[in-house]
2 protein chains.
Amino acid sequence: MTIRRRPTINDVAAEVGVAASTVSRAFTVPGRVNPRTRQQILEAAERLGYVPNPAARAMGSGRTDTVALLVPDITNPFFSGIIKGAERAVGAAGKTLVLGDTEESPAVEARLLERLGPAVDGFVLAAPRLPDADVRRAATRNRVVLVNRVVPDVACVVADYESATRQVVDHLASLGHRELVFLAGPAESWSGAQRWAGLETAARARRMLATRLGPYAPTLDGGPAAAEAAIASGASAVVCHNDMLAIGVMRRLADRGVRVPEEVSVVGFDDIFGADFCHPPLTTLAERTQEAGAAAIEVLLHRSGTPTVIAPTELKIRASSGPAA
Amino acid sequence: MTIRRRPTINDVAAEVGVAASTVSRAFTVPGRVNPRTRQQILEAAERLGYVPNPAARAMGSGRTDTVALLVPDITNPFFSGIIKGAERAVGAAGKTLVLGDTEESPAVEARLLERLGPAVDGFVLAAPRLPDADVRRAATRNRVVLVNRVVPDVACVVADYESATRQVVDHLASLGHRELVFLAGPAESWSGAQRWAGLETAARARRMLATRLGPYAPTLDGGPAAAEAAIASGASAVVCHNDMLAIGVMRRLADRGVRVPEEVSVVGFDDIFGADFCHPPLTTLAERTQEAGAAAIEVLLHRSGTPTVIAPTELKIRASSGPAA
DNA sequence: TTGAAAGCGCTAACAA
DNA sequence: TTGTTAGCGCTTTCAA
């Protein structure tokens, strides 16, 4: 199909015989234009197929009515909840949400920030991979709210990792496990660091032995290597950086003939789609991702200052964890 | 943090002592500016933290170097492949990809099209929910490529549903099934219609009885109702609109004590993340989603006219299908 | 190789 | 209530 020029505000103005500014007002401050004039304008716009150009609008006014949400991996079901929550909140505010997938790459993340920056009112950065300095820099050019990452002076909403890790350790302890290994994700992962720190503290309080192995890729593909290491460690309980890794680990354990949970208990983080129908169903720490996504948008849109919102967490006990052998 | 004004091309021009147009050229047509001048400009830009504003750029030039990919449900793992494929192709072309989730809503889809239209060079619409007329209209304002949807005169890449459905029917027939029920998705779904049409044709050729039930929501939540209907039908094989529904159906069957595949075989479409580790692992028709996503971008960026690309499909046989009872 | 100037589509004073 | 006039940040003629 051949692409036609979009009609502009001037086309509408000419059609009706008014000034462009009047057309502009008809759309932006309806109260300040004669109802009859407005009616004519709206009709002409409809007839011509005119739609305000948000980019041009933004240049003059500075507002875009659009916010961007950047996630490291759109494939990871963990971020789906955040996206859905953000969508709800953005929709309720009458704004538009655009999504960006940073592909776990700081470079891509920076590019997106740069590219989208002038076109949006603000960013929600879910578990950003960028160094603190870059996050802070982005925050000087746009409003920024982080999810599951803390950078001084930048607003954020984070899961309650302290409670989360305590729940995990208490659960394992109550099943009689005396030691656990943590199969770590990427070294740069802020949430990974929080999880390990929490586990270690909670384990010490329980007089359990906690060991960290890794890093491993936080994906299914990270599973085999992590599983081998876990087997070699001889621990009766393994806690994985996230569910993707945990599922990958369980697969490998199955391949190796190691029974879960009879010989090894496996626990994940995130409660992703699939965690309850994988085999065996995965015990995992659920974050309130939808709430977190919505909260982040709330903060971005309405709150000033640099608030920190703590989102509650909940341990979902399923069949992948059981009594120590 | 307090938001600071972005430096503009004028700030850089003033800093270096050249005209704004020279700065512009330094970024857009490097060949047509003195290497030394250019060097100074680049340094000044770096120093001031100047980054070209893509929106402003687009207003003057019409090009944005950005393309948008709209999917009905970012949560649905089926679209992840398309997204990943599109990302790869867009990255290779040095452009930027933004994502939009239409939330299965034609209204949201229209809004996104409208909002993003002036800000992008083109759209890839994956399985759009919009009526043909609206899709065509969008295609008069932007370049548009469809995935798994056909609208006359609009470029598209579609899965080979004819082969796909034949593979499914042949598989079931070879297992001794004499009839199948198709648990349909949304009535408006183009791909759903293709799937049913193909199944019906293939079944007739095999002298199998094919019945359609539904529509059901193409989600886990659609499962219970669909499963009840499937049980009531007494068929030994059910083919589901997609994997999400299939997994939902299998869950319900399990709850109802119906064994899969001993009593009922279940087949899905999409081969989503989770299809191979749900219980039992799901037999499903895999589309080459990454290739489809990449192909769509190729067409959008490079090809003119209104090509139709047919993507191959492959039946993944797993444990959810077995011999007829 | 560079600068001046017009214009992209729209908003926002300022007058009238 | 409406029109006029500047911009917003950038690209793109057209001249020099």
Side-chain angles (χ1 to χ4, degrees), chain A residues 4-42 44-45 48-66 114-121 141, chain B residues 3-42 44-45 48-66 114-121 141-142:
Chain A
R4 287 199 305 254
R5 182 180 145 277
R6 280 166 201 276
T8 74
I9 204 171
N10 296 303
D11 298 321
V12 179
E15 173 92 359
V16 182
V18 297
S21 51
T22 304
V23 178
S24 173
R25 279 186 214 107
F27 282 94
T28 51
V29 278
R32 285 181 41 197
V33 40
N34 185 308
R36 265 207 291 286
T37 316
R38 181 170 139 79
Q39 189 53 34
Q40 290 179 273
I41 291 174
L42 262 24
L48 299 176
Y50 165 77
V51 175
N53 179 332
R57 190 172 250 184
M59 289 203 55
S61 67
R63 281 168 292 94
T64 67
D65 285 344
T66 301
E114 208 163 79
R115 177 73 188 66
L116 261 24
V120 302
D121 289 339
R141 301 267 107 109
Chain B
I3 277 85
R4 286 198 306 253
R5 181 180 146 280
R6 282 165 201 276
T8 74
I9 204 171
N10 296 302
D11 298 321
V12 179
E15 174 90 359
V16 182
V18 296
S21 49
T22 304
V23 178
S24 174
R25 277 186 217 106
F27 282 94
T28 52
V29 279
R32 286 181 42 196
V33 43
N34 185 308
R36 266 210 290 286
T37 317
R38 180 170 138 80
Q39 190 53 34
Q40 289 179 273
I41 290 174
L42 262 23
L48 299 176
Y50 166 78
V51 175
N53 179 331
R57 189 170 251 186
M59 289 204 54
S61 68
R63 280 168 293 93
T64 66
D65 285 344
T66 301
E114 210 164 78
R115 175 74 188 67
L116 261 24
V120 302
D121 289 339
R141 300 268 105 110
N142 283 102

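Remember, it's a predicted structure, so these values are computed and weren't measured experimentally. Scope of the values below: all heavy atoms of this structure, side chains included, with no hydrogens, waters or symmetry mates. Note on naming: letters A, B, ... go to the chains in the order of the sequence lines (proteins, then strands), and numbering restarts at 1 for each one.
Note on A/Val23: nothing from the nucleic acid sits closer than 4.0 angstrom, heavy atoms only. Residue B/Phe27 is classed as having no contact, given no heavy-atom separation below 4.0 Å to the nucleic acid.
The shortest heavy-atom contact between A/Val16 and A/Ala44 is CG2-CB, 3.5 Å. Contact record, B/Ala20 with B/Ile9: O-CD1, 3.6 Å, taken as the closest heavy-atom pair.
In this structure, B/Val18 and B/Val23 have side chains that are in contact, with non-hydrogen atoms separated by less than 4.5 Å. Between B/Asp11 and B/Arg5 the shortest side-chain heavy-atom distance falls below 4.5 Å.
Residues from residues 51-59 of chain B with heavy atoms under 4.0 angstrom of DNA chain C, sorted by number: B/Met59.
Of all nucleotides in DNA chain D having an atom under 4.0 Å from a heavy atom of chain A, the first and last in 5' to 3' order are D/dT1 to D/dG9.
Applying the salt bridge (Lys or Arg N to Asp or Glu O under 4.0 Å) definition to pairs two or more places apart or across chains, those involving residues 14-29 of chain A are A/Glu15-A/Arg47.
With sequence neighbours excluded, the residues that form a side chain to side chain contact (heavy atoms under 4.5 Å, CB included) with A/Arg141 are B/Arg4, B/Arg6, B/Pro7. For B/Arg115, the side chain to side chain contact (heavy atoms under 4.5 Å, CB included) partners at least two apart in sequence or on another chain are A/Pro54, A/Thr64, A/Thr66, A/Thr96. Applying the side chain to side chain donor-acceptor pair (under 3.5 Å) rule to A/Glu114 yields no partners; only residues at least two apart in sequence or on another chain are considered. Residues passing the side chain to side chain contact (heavy atoms under 4.5 Å, CB included) test with B/Ala14, sequence neighbours excluded: none. Here A/Arg57 pairs with nothing under the side chain to side chain donor-acceptor pair (under 3.5 Å) rule; sequence neighbours left out. Partners of B/Arg36 by side chain to side chain contact (heavy atoms under 4.5 Å, CB included), not counting sequence neighbours, listed by chain and number: B/Asn34. For A/Asn10, there are no side chain to side chain donor-acceptor pair (under 3.5 Å) partners at least two apart in sequence or on another chain.
Rounded to 10 degrees, the angle between the two end axes of the helix from C/dT1-D/dA16 to C/dA16-D/dT1 is 40°, with five pairs used at each end.
Taking atom CG of residue A/Asp11 and atom P of nucleotide C/dG9, one finds them 8 Å apart after rounding to whole Å. Rounded to whole Å, atom C1' of C/dG9 lies 10 Å from atom CZ of A/Arg5.
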What protein N or O atoms touch nucleotides 12-16 of chain C N or O atoms at under 3.5 angstrom, if any, and at what distances?
| residue | atom | partner | partner atom | Å |
| --- | --- | --- | --- | --- |
| C/dA12 | OP1 | A/Arg63 | NH2 | 3.2 |
| C/dA13 | N6 | A/Arg25 | NH2 | 3.3 |

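Nearest-nucleotide assignment on DNA chain C puts the 5′-proximal partner with B/Asn34, out of B/Asn34 and A/Asn10.
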**Item:** side-chain contact (heavy atoms from CB on, under 4.5 Å) evaluation trace for B/Val12 with B/Ile41
**Value:** CA-CA 7 Å; B/Val12 179; B/Ile41 290 174; 4.1 Å; yes
